[in-house]
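Order of the sequence lines sets the chain letters (A, B, ...), proteins ahead of strands, with each chain counted from 1.
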Amino acid sequence: MSGRKKTLLKVIILGDSGVGKTSLMQQFVNNKFSHQYKATIGADFLTKEISIDGNKQVTLQIWDTAGQERFQSLGVAFYRGADCCVLCYDVTNEKSLNNLTSWKDEFLVQSNVSNPQDFPFIIIGNKIDVDEAKKIPSLQKKLQNITNNQLGGLNYPVFETSAKDGINVEAAFEVIAKMALQQEELNDANGNDVSDDYNDAINIHLESESSGCAC
Amino acid sequence: MNVDIIEPFNRIHFTGSPRVSAVHYYHNRLFMGFNNGDLQVYSSLTSQSQKPLYPAAKTLKTLKSFNDIKFLFHDNSQSQQFELDSAFSNLSQDSSAIDSIKCIPISNESNKTILVITTAECVRAYELIGSHINLVQELDDTKSCSDCLYTEYDEHRLFLVGTKKKLIAFKIVNKTRNILIFQKVKEISLKDRVKTIALIPGSGSKILLSLASDFVIVDIAKDFSIIALAIDDPTLYNFNHSTSFSYFGLSSSGPAAWTIKLSEDKLLLVKDTQCVEYTISSQVIRPSAIKLTAVPIFVDFIEPMYIMVVYGKRIEIVDYVNGDRIQIFNHQINSNSIYACHEDRTIFLGSGSDILQFNVLEYKKQIEQYLNISGKGSSLGNIKDPNNDLRIIGLDKAISLVSKLDTKCPFFYNKEVSNEKKKYLELRDLYKSKAVLLFESYSKYHESLVDICSDWMIAYPDVLELFPDFLNGDSKIRSVLSNDADETKSIRSTHNVVKRVSKEDIQTLRFATTAESGTENEADRRTMSSRATSPQKVPNRLQGYAKSQNMRKFSKAVNNLIIYLTDQRRIHMSFLNGDNIQWKGIEISPLDIYPNLSKEDLKNKLHQAATTIDTSLFLCYFHTKPMLLGPLLRLPNNHCNASVVNECLMSNIHNHVQQRELQQPNFIKELLDFYFTRGLHKDALEMLYRLSHNDEEEETHSNDDDNAFDDFLKGPDLTIQYLKKMTNQDLDLVFQFSYWVIVEETDFHRSVEKIRLIFMNDSYECENYDNFKVLNYFTQVLKNDAFGIIYLEWLNFESDLVDHLSRKKTLGKFHTKLCLLYLKQLKEVKDEYDLDSFTKIEYYVKLYNFLGSTSLYEPWTVLKSIPTTEDKFLRFTIFIYKRLGEHDKSIDVLFNQLNDLDAAMQYCCDIYQLPNSQNIGEQLLHKLLEDLLMNYHENVESIEKLLTLQGSKMSILRVMTALPNSFPLHRLEKFLTSHMRGSQETLHDARIASQLYKVGSIKLQDRIWKIQSQEYPIASGKQLCTICNKRLGYSVFSVGKDNQIVHYGCAQRALKPARGSSP
């Protein structure tokens, strides 16, 4: 059973401040929810081991980030090696929905991924437990506008969740894990490693072309 | 490597037979002990103004004897660096040699020094006052002393002496103010001979004793308890065990041992030729990188990273971190009787009748030497290994030196920034040199750009300098602004293969990669094969191979540059937000990275820096990773230069062949996204206008798809897409640039389609437009009321804005405007139609229905616009009069002016059926009757019709009164019959109601009787209570369960147990 090795998948959660990124992570990993809002400083991560399709064990390393502007000082190293990116918005906050594109673009630039067009993203609309009256008017239409925009659009799976009541959280993370695993396998196949300074062992003698023998 | 860390400086030569046997330097005074027991004290000049005579290091190899070496030093007899203060003879009292001299720092007086002088027989303490010396005390049992140590612990002054297998502790106390006494407080027996005594830094009370066979820690605080220092590492087995010679007693003096403090947490333990490092905090001992070739004579530490090892013929300066020999100085004394001391920056070697003084070079000079060395580190090893390059090794040494220097070191003193910051900035400069070297000479791009440049925040101009100009944002901006098309300036000859890459090389490589994918045709293949057989075959292939290698390197370098630039843009964003950033524990401001910037112009320069960085990143993406252009250009905080972006992205806009061959997509949408994100709407729209109206580049493609795409580019679709995203703030621009889109469209329906796309979509932006301005644009600028009508119809009936407008109370205004526009349109065409067909035209029907369905318009405004003299428009007035409550006028218009009795009757009927308007309706019907009666004879039939159809709503009495007597009765038949029937029905209904009331009355009476029958009669006060069987009397009564009258109290008591038992 050589395929039984454990895989570590790096998942990054992005989104505006207060949309519930930390709560989603806490609900998924620890089945806990706190009503108290506490801003995340920098970044923090939790891990959870899950099984995909009943036979593949993976460890999700979920990175929660600070949505607040003043904490956005994470360097490129933080984003490096990400296998999936979760874009979060709050179903009661229209601005957080409109900012999803910026979060996606920011991620792509910072992470410098090799396949920006196919990189797995997932959208999560959190806080669906709130009153209907408080939700963004014509949410579906606006969401569709954002996701269907041809260029810079977010044509990705969308989940509506409630970290408070634990609605749809497991399902969303299951899809995240599957997408991340695919990306990880793709990365493994391409063997892309930005730090391969030392793979130049061959052909070094061809460098000195000016003095090279022309016979 | 031979870098000078110490340099020869001065030499003192003695005449006569005594030989030097001990040297000690303390507070600018040199103490010398001689083998006949004499002591001489020299004082040095405070300013060492003399420069060293030291020649270049390379020539030292030729100096093979001590006589040659002597000339490297100043002769003290001439230089007078030291002058004899005082000389004391035979301090050992038996003319035996002085073995060691130490000073104890306990005297408060400047002219008094406490000296401890060791001889073979004992240890003696002296006080040196001026030119006099007094014996303080001869310490008991101190024969064969190997080492001694002064320390202070818990306000006690202790002097520890190691003699043979004993450690003796003396407490130094003041007998009087001037007289000291050494009181023996402890004598500890040890299992082996004591070699050295050293204080463990940081502990205060712990002493490390080096014994002949092992090491022990003595804790003064715990009554001199002894703990053996465990050395677990099997490779260090010999270090901790006595050699076989000592075991058999063949070696009486060995082994030689030193305990040297490297830092506050680290000691170097030397035993003969073996060295180990002892980490105090973790109590870990591990082998040191230092390898000694022979048993040294003297070993000591030179700040910040060197170990000085003195041998019989030479001095070696070794880097303690990796054991590299930094300097070898052949002093050629050629003796094992060398006595050395080292304090601060001065080293003395004494042997025979000479004392040699060396000075440690300033750090600055050391670094300069490190940076100036070059060549190969060793003849062996790979030419491409940077660890074999002396430039890299020198840089690493300089970095290591600066890293280890304490921030309090004068080397970092400066006026501008803190010492800590200065240290990091110095290190940054060194790392920059290393990064450039690694990049240019060794193609270590990740190490250079990410590990060093990014981590050490090397300024971007230095990094971009390593790359070709077409990736350098700054150069590109300058070339675009100066319209300098030829960017390929002569590239200076450089080892840097990345710098030599040109744009053409990238395209060629892309083309080759694409061709490799199997798209080349047969002809190409044939050409290739013919080329392959040519005599140039081998060099060509080699060149091509080398080029592809270079391109591989280029692509790797650019990938790492992208990582560097991404990090730089994050840092510059913080700077632009007015924040400093935390870097390696210190706060870095923009001025630290760009020291040449002035504070006044900082913001502006930072913007320029951000522009260069973002533009460079853009260029990297453009040439190597075009799929990331979109994400970068859409970022709201990107500072890419608009001209460069435009030039690059528009460069191949019509060249579809190139796009296919080089796998470059068309970037027009990315370009528009960029303009939009940056708010450069006017530029974007002007560019689209030019694209659409510039006929010069007109060329047809053989491919239909290409032509279709060009048509798309030249068409208005892109402009419409762009305009759709613009907000109310830019409404003027929307008007300005939608003009050509609408006006140039000749087909009305297609124009409307475009107008709908721009002004009548359900986007958030569109819904926020100033609707009055938009309407005004259609009617006043485009002068097309039809567009205005379409817009108002959308606004009033289709859009989601109705609620919003009605809340703002502006909906009525738009309703009015729509009415007026309809009327205007109708007035324009009124003469083209007769009355009948006029009422069938679209706008008539729309206005008629609109007036009938809405009541929000302003009636007087609309009424004023209706030409009441024209029958074609008169019907519209009915709706106005109806809203104004002037129904008589409506009847007038309908009956008298339009002669439409049916409409008049329907109008009356409508009013009659309105809530609370029955009377008005009735009055209107009677008015209509009166109007009919005016021309009674002609209107008999109409009157009959009125009475037949609407008579039931009229008062029969008034009708009969109004009708003239001559009115034919038979024409009233239907009217009267229906009235009669109506009256009878009313009567019938009244009778039924009467009967029903009677039934109800009886039912109610029955109920009253039933209630009355439920009474509880009491015959008299003598009636008995059924519970207590007592007379009821006049107390309060209640009704019991069996409907009997009982006392209230009894009833309550009867209830209680029942309540108590209830579950």
Atom group of [X] that falls short of 4.5 Å from chain A, counting heavy atoms:
X       : answer
L632(B) : both
L617(B) : side chain
N638(B) : neither
N637(B) : side chain

**Message:** Measuring only between side-chain heavy atoms, which start at C-beta, is R634(B) closer than 4.5 Å to L108(A)?
**Reply:** no
(message) Quick one, N112(A) and T566(B) - any side-chain contact, counting heavy atoms below 4.5 Å?
(response) no
Query - CD (E798(B)) with more than 12 external heavy atoms under 6.0 Å - result: yes
Tightest non-hydrogen contact, residues S114(A) and M627(B), listed as O-CE, 3.8 Å
In terms of heavy-atom contacts, E106(A) and L635(B) come closest through N-CD2, 3.5 Å
When the 4.5 angstrom heavy-atom criterion is applied to K141(A) and chain B, the contacting part is side chain
Across all chains, not counting sequence neighbours, the side chain to side chain donor-acceptor pair (under 3.5 Å) partners of D90(A) are T92(A), K127(A)
